[in-house]
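Here is the structure we will look at.
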2 protein chains.
Amino acid sequence: MAREKIKIKKIVNITARQVTFSKRRRGLLKKAEELAVLCDADVALVIFSATGKLFEYASSSMQELLGKYKLHATNNADKANEPSLDLQLLETDEIRMGREVLEKNRELSQLRGEDLHGLSLEELQRLESMLEGGLHRVLETKDERIANEIASLQQKGFQLMEENKLLKQQMMTLISKGKRPRTMATELDNLVTNHEDQGQSSESVTTNVSGPPPEDDCSDTALKLALPFN
Amino acid sequence: MAREKIKIKKIVNITARQVTFSKRRRGLLKKAEELAVLCDADVALVIFSATGKLFEYASSSMQELLGKYKLHATNNADKANEPSLDLQLLETDEIRMGREVLEKNRELSQLRGEDLHGLSLEELQRLESMLEGGLHRVLETKDERIANEIASLQQKGFQLMEENKLLKQQMMTLISKGKRPRTMATELDNLVTNHEDQGQSSESVTTNVSGPPPEDDCSDTALKLALPFN
DNA sequence: ACGTCTATTTATAAACG
DNA sequence: TCGTTTATAAATAGACG
């Protein structure tokens, strides 16, 4: 309900669908709560995303509400059916779930290309475009992720080079002054504090620098810093 | 949300509360349905008025949805509570099947490329090769099927050409002998019996030949015979 | 994915019949 | 208790970062 009016039918673009889902979901949950508060009503709202994630709101205990609902539902159904319907419902639920499992398995094995012999040409086409779409989106996100990792590595590498340059300068200064470290701790103190005086974009680096084994040379330190992302 | 802004707290005036309830209830039900349709989500909404009247919406079967909800709830609750949380419906079969459905759904939506954000690079690679494999096999069987259809069509076409050639010869023979048909039936009899003496692989054709309109020329007959496979 | 912005569409509070 | 109207508050589609 904004910029453009939209038809109320499944949004085809997956990204747009997910965005709309998260916006409208929040709106719906909010309105459910408002109704419960304003009008002193009992409200239970259960939402499953297409991907199976669960979102819920209940003005009181969800269990309680669902129990109450079940009473109403079975009461109304009893008018048409025999009274022992509750047990029947449970059975059919199981059966339905069993069917669902079978159906999902068939779909999965078709997508894996395992059980294609009963399918018409049209169904094969449908499978094909579904697989192509999925593959396309997988490659997209993979590429994106890889690009990010590369960029991140480059960034870290650049920071490390800067670090190393500074560290070498500090070393040279120390050496040229003829100083000799009394303890490793004090030397490191000097390195860090001096570096903070000169570096501008060094917050993240200085945090990482806390307490490296003094025996390591620079390249080894670089390796350690590059590791923290998988 | 109109004329005046209102605080979200219980409306004291009873009449106003009931009016607001009926308005907002309709709005909420509408929005619940919109969310389900737009985003392909499963939505269940249960509303009890303060007076105990029931209003509900479910994008599919309410029973199914509530079953699904119970599974999620028990899954999450099991982590923190002892398993005896839900006394009524701890049928292990149901829960196991439900878990299976959830799992299958997740897999399916990943294969469709919809829910890729939680995945590692390795998992993406695995998805990619699975999709590629599936696509490969689908294309294979599709190509195979298409090749078969083409070969079949060519075969039939060849047979039909042979048929036509023979029919024309028969026609020519009849005409050159100066014969004139007394009845259509006898002429057709001649055509068919003569043809069966010479043709070898003509079973399927002769069965189709029963009772064609005699006004048709040869090309039209060929058209009719070419139809029976889709 | 998530937050922000903005132009529009929707929902709705109050009033009236 | 309803439906209708109307002015205003909210929700949100699309765009951007």
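Source: prediction; values computed, not measured.
Rounded to a whole Å, the CZ atom of B:Arg26 is 13 Å from the C1' atom of D:dT1. Rounded to whole Å, the distance from CD on A:Glu34 to C1' on C:dA13 is 13 Å. Distance NZ (A:Lys7) to C1' (C:dT9): 15 Å, rounded to an integer number of Å. With rounding to whole Å, B:Arg17 atom CZ is found 16 Å from D:dT1 atom C1'. For A:Leu35 and D:dA11, the CG to P distance is 14 Å, given to the nearest whole Å. Whole-Å rounding puts the B:Ile11 CD1 to C:dT12 P distance at 12 Å. Between the C1' atom of C:dA1 and the CD1 atom of A:Ile14 lies a distance of 15 Å, rounded to the nearest Å. To the nearest angstrom, C1' of C:dA11 lies 16 Å from CD of B:Glu33.
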Measure all distances between protein nitrogen or oxygen atoms and nitrogen or oxygen atoms of nucleotides 14-17 of chain C, and list the pairs falling under 3.5 Å.
unit_1: C:dA14; atom_1: N6; unit_2: B:Lys23; atom_2: NZ; d: 3.0

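A:Arg26 pairs by the salt bridge (Lys or Arg N to Asp or Glu O under 4.0 Å) definition with nothing, not counting sequence neighbours. Take A:Glu107 and apply the side chain to side chain donor-acceptor pair (under 3.5 Å) test, not counting sequence neighbours, and it matches no residue. By the side chain to side chain donor-acceptor pair (under 3.5 Å) test, B:Glu103 pairs with B:Arg106, sequence neighbours left out. Every residue meeting the salt bridge (Lys or Arg N to Asp or Glu O under 4.0 Å) condition with A:Arg17, not counting sequence neighbours, appears here in chain and number order: B:Glu114. Looking at residues two or more places apart in sequence or on another chain, you find a ring pair (Phe, Tyr, Trp, His ring centres under 6.0 Å) between B:Phe55 and B:Phe21.
Listed by first and then second residue, the salt bridge (charged side-chain N to carboxylate O under 4.0 Å, His left out) pairs that reach into residues 137-148 of chain A are A:Lys142-B:Glu128, sequence neighbours excluded. Residue pairs satisfying the ring-ring contact (aromatic ring centres under 6.0 Å, His included) criterion with at least one member in residues 108-158 of chain A, sequence neighbours excluded, are absent. Judged as a side-chain hydrogen bond (donor to acceptor under 3.5 Å, both in side chains), the pairs with a partner in residues 41-58 of chain B (not counting sequence neighbours) are, in order, A:Tyr69-B:Glu56, B:Asp42-B:Ser59, B:Asp42-B:Lys68, B:Ser49-B:Thr51. Residue pairs satisfying the ring-ring contact (aromatic ring centres under 6.0 Å, His included) criterion with at least one member in residues 24-51 of chain B, sequence neighbours excluded, are listed as follows: A:His72-B:Phe48.
Taking the side chain of B:Lys30 as heavy atoms from C-beta on, and the options C:dT10, D:dA10, D:dT12, the nearest nucleotide is C:dT10.
DNA chain D lies under 4.0 Å from no heavy atom of any residue of residues 111-128 of chain B.
Looking only at side-chain heavy atoms (C-beta outward), A:Val46 and A:Met62 come within less than 4.5 Å of each other. Using a 4.5 Å heavy-atom cutoff, the side chains of B:Leu71 and B:Arg99 are not in contact.
End-to-end axis angle of the helix from C:dC2-D:dG17 to C:dG17-D:dC2, from C1' rotation axes over five pairs per end: 40° (rounded to 10 degrees).
Considering only side-chain N and O atoms, A:Lys31 lies nowhere under 4.0 angstrom from the phosphate OP1 or OP2 of C:dA11.
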